[in-house]
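Below is one structure, written out as structure tokens, with a few remarks after it.
Atom set for the values below is all heavy atoms of this structure, side chains included, hydrogens, waters and symmetry mates excluded. We number each residue from 1, following the sequence as shown. We count ligands from 1, going down the list as the structure has it; atoms in each ligand are counted the same way. Owing to the predicted nature of the structure, the values given are computational and were not obtained by experimental measurement.
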Amino acid sequence: MAVIVNKEKCRGCTKCVKVCPFDAITMVDRKAEIGMSCTSCKQCIAACPFDAIFQTEEEKSEIDLSAYHGVWVFAEQRDGKLMSVALELLGEGRKLADQVGCELCAVLCGEQVEALIPELYAYGAEKVYYADSPELRTYRTDAYTKVIYEAIQRYRPEIVLLGATHIGRDLGPCLAVRCGTGLTADCTRLEIDPETKGILQTRPAFGGNLMATIQCPKHRPQMSTVRPGVMEKPVRDAGRTGETIRLSAEFKEGEIRTRILEIVKSAKETVSLSDAKVIVSGGMGLGGKEGFDLLRKLADRMGGTVGASRAAVDAGWIDHAYQVGQTGTTVRPDIYFACGISGAIQHAAGMKDSKLIVAINQNESAPIFDIADIGIVGDLYKVIPAILSELEQYEEKK
Ligand SMILES: Cc1cc2nc3c(=O)[nH]c(=O)nc-3n(C[C@H](O)[C@H](O)[C@H](O)COP(=O)(O)OP(=O)(O)OC[C@H]3O[C@@H](n4cnc5c(N)ncnc54)[C@H](O)[C@@H]3O)c2cc1C
């Protein structure tokens, strides 16, 4: 049995919105609209003073998949700066939109972040849905969920992609529950099924020991959070433009339940492995945490940052924020130095797409040499100082 609103009778009093235990009702153009999370509990029917809500005799019909169009990318921004993963998703979203034959759109929320809209066009968005409000300045679950959920209800995208950042991992499930649809978290590959045009979402499961490909055949939008660093950023073209659609961002008293007292940036957040052009990573071959001091010297000289294998993190030599690999960060810098790292499959999964891999290992049969572009067999405590001194001489000659 489906619950339906007679739009002519609805006066927009919002009584139904208040009684709905599943937050399934929203006001669109001052008329109630019943979303996919409706369970036909009928509380809204009883609450409506205008008899505008009723139940049909037919079974709740299947969702009309053809009513949903477009690939949406959540353009996550912090302090007015777009997160890299948003751009990576525009690159991936373009491929998916081309295969489905639909448009690529970005959803941007914030306070006075209009300056980012041309950037989103430059990276391939044809439309930008933009919500501007002081309440959206810093991410809060209630505020972002409300604005984006209402936009989804109104504009009906068929695919919604979010970065699997702390924010995306919080927002994605909230939106999916509101929309009553499926979400696959932390995807590492997205493809379109040529037959159904549905999305095939692949992610590591069971601690990375299995790759699962998941579909969402009967519900819309199909939603995924995607691991940062896995997809490639598209080429920026400042000549591109598009259409901006303003989203309503009005909030009632008490609608946003969280208040931000203070934002503390931990060292963890300032590590930007995914943006680094050069990463000098160390593993168990360092023999102790002091080894990272040497790696830091090389990283500083090359304008990069240090990274680590999980074994080095587990040994307590460095924070998890520096871990590269399947259960750490996926990186694709211009140069990746693997120093005293054996090259286990779980480590390689997070760095094999680096443009140039330099491996330093004293064991010539270490698997890292199978993926390295330059392999140096030797003790890293001899090789790295030698590289540093070469760099010094080179700088002096310049
Ligand atoms: C589900 C799962 C998820 C995982 N996720 C990750 C992940 O995200 N990232 C990750 O890194 N690992 C991950 N691992 C662990 C992974 O399998 C390996 O155990 C780990 O990567 C090994 O780290 P390592 O190369 O530093 O150490 P080792 O394998 O011990 O290698 C040390 C290397 O250093 C070399 N060496 C020693 N001394 C020197 C020296 N003086 N100079 C030069 N070379 C030297 C040795 O020859 C050796 O090759 C995961 C494992 C599982 C099961």
Nearest-option assignment for [atom], heavy atoms, candidates [options]:
atom	options	value
atom 29 (O) of ligand 1	Gly378, Ser342, Ser281	Ser342
atom 8 (O) of ligand 1	Val313, Thr327, Asp379	Thr327
atom 44 (N) of ligand 1	Glu364, Gln362, Gln326	Gln362
atom 32 (C) of ligand 1	Ala366, Ser365, Gly340	Gly340
atom 47 (O) of ligand 1	Ile345, Asn361, Ile368	Asn361
atom 14 (N) of ligand 1	Gln346, His320, Met284, Gln323	Gln346

What atoms in ligand 1 come closer than 4.0 Å to a heavy atom of [X]?
X	value
Gly283	26 (O)
Gly328	8 (O)
His347	10 (C), 11 (O), 21 (O)
Gly285	32 (C), 34 (O), 36 (N), 37 (C), 38 (N), 39 (C), 40 (C), 41 (N), 45 (C)

### Message
I want to check something: taking the side chain as every heavy atom from C-beta on, are Asp353 and Glu232 in contact at a cut-off of under 4.5 Å?
### Response
no
### Query
Is there a side-chain contact between Met211 and Arg189 (heavy atoms, below 4.5 Å)?
no
### Message
Once rounded to the nearest 0.5 Å, what's the spacing between atom CD1 of Ile34 and atom CD1 of Ile4?
### Response
7.0 Å
How about [X] and [Y]: does a side-chain donor come under 3.5 Å of a side-chain acceptor?
X	Y	result
Thr327	Arg310	yes
Ser224	Thr184	no
Thr26	Gln153	no

### Query
Using a heavy-atom cut-off of under 4.0 Å, does the side chain or the backbone of Ala344 touch ligand 1, or both, or neither?
side chain
### Proximity to ligand 1 by part of Val324, non-hydrogen separation under 4.0 Å
backbone
### side-chain hydrogen bond (donor to acceptor under 3.5 Å, both in side chains) evaluation trace for Asp170 with Tyr139
CA-CA 10 Å; Asp170 182 76; Tyr139 174 76; 2.5 Å; yes
### Non-hydrogen atom of Gly350 closer than 4.0 Å to ligand 1
no
#### Entry: Under 3.5 Å: N/O of Ala308 near N/O of ligand 1
no
### Summary
From the list Lys146, Arg140, Arg259, salt bridge (Lys or Arg N to Asp or Glu O under 4.0 Å) partner of Glu135 resolves to Arg140
### Summary
Heavy-atom nearest pair, Ala164 first then Arg169, reads O-NE, 2.9 Å
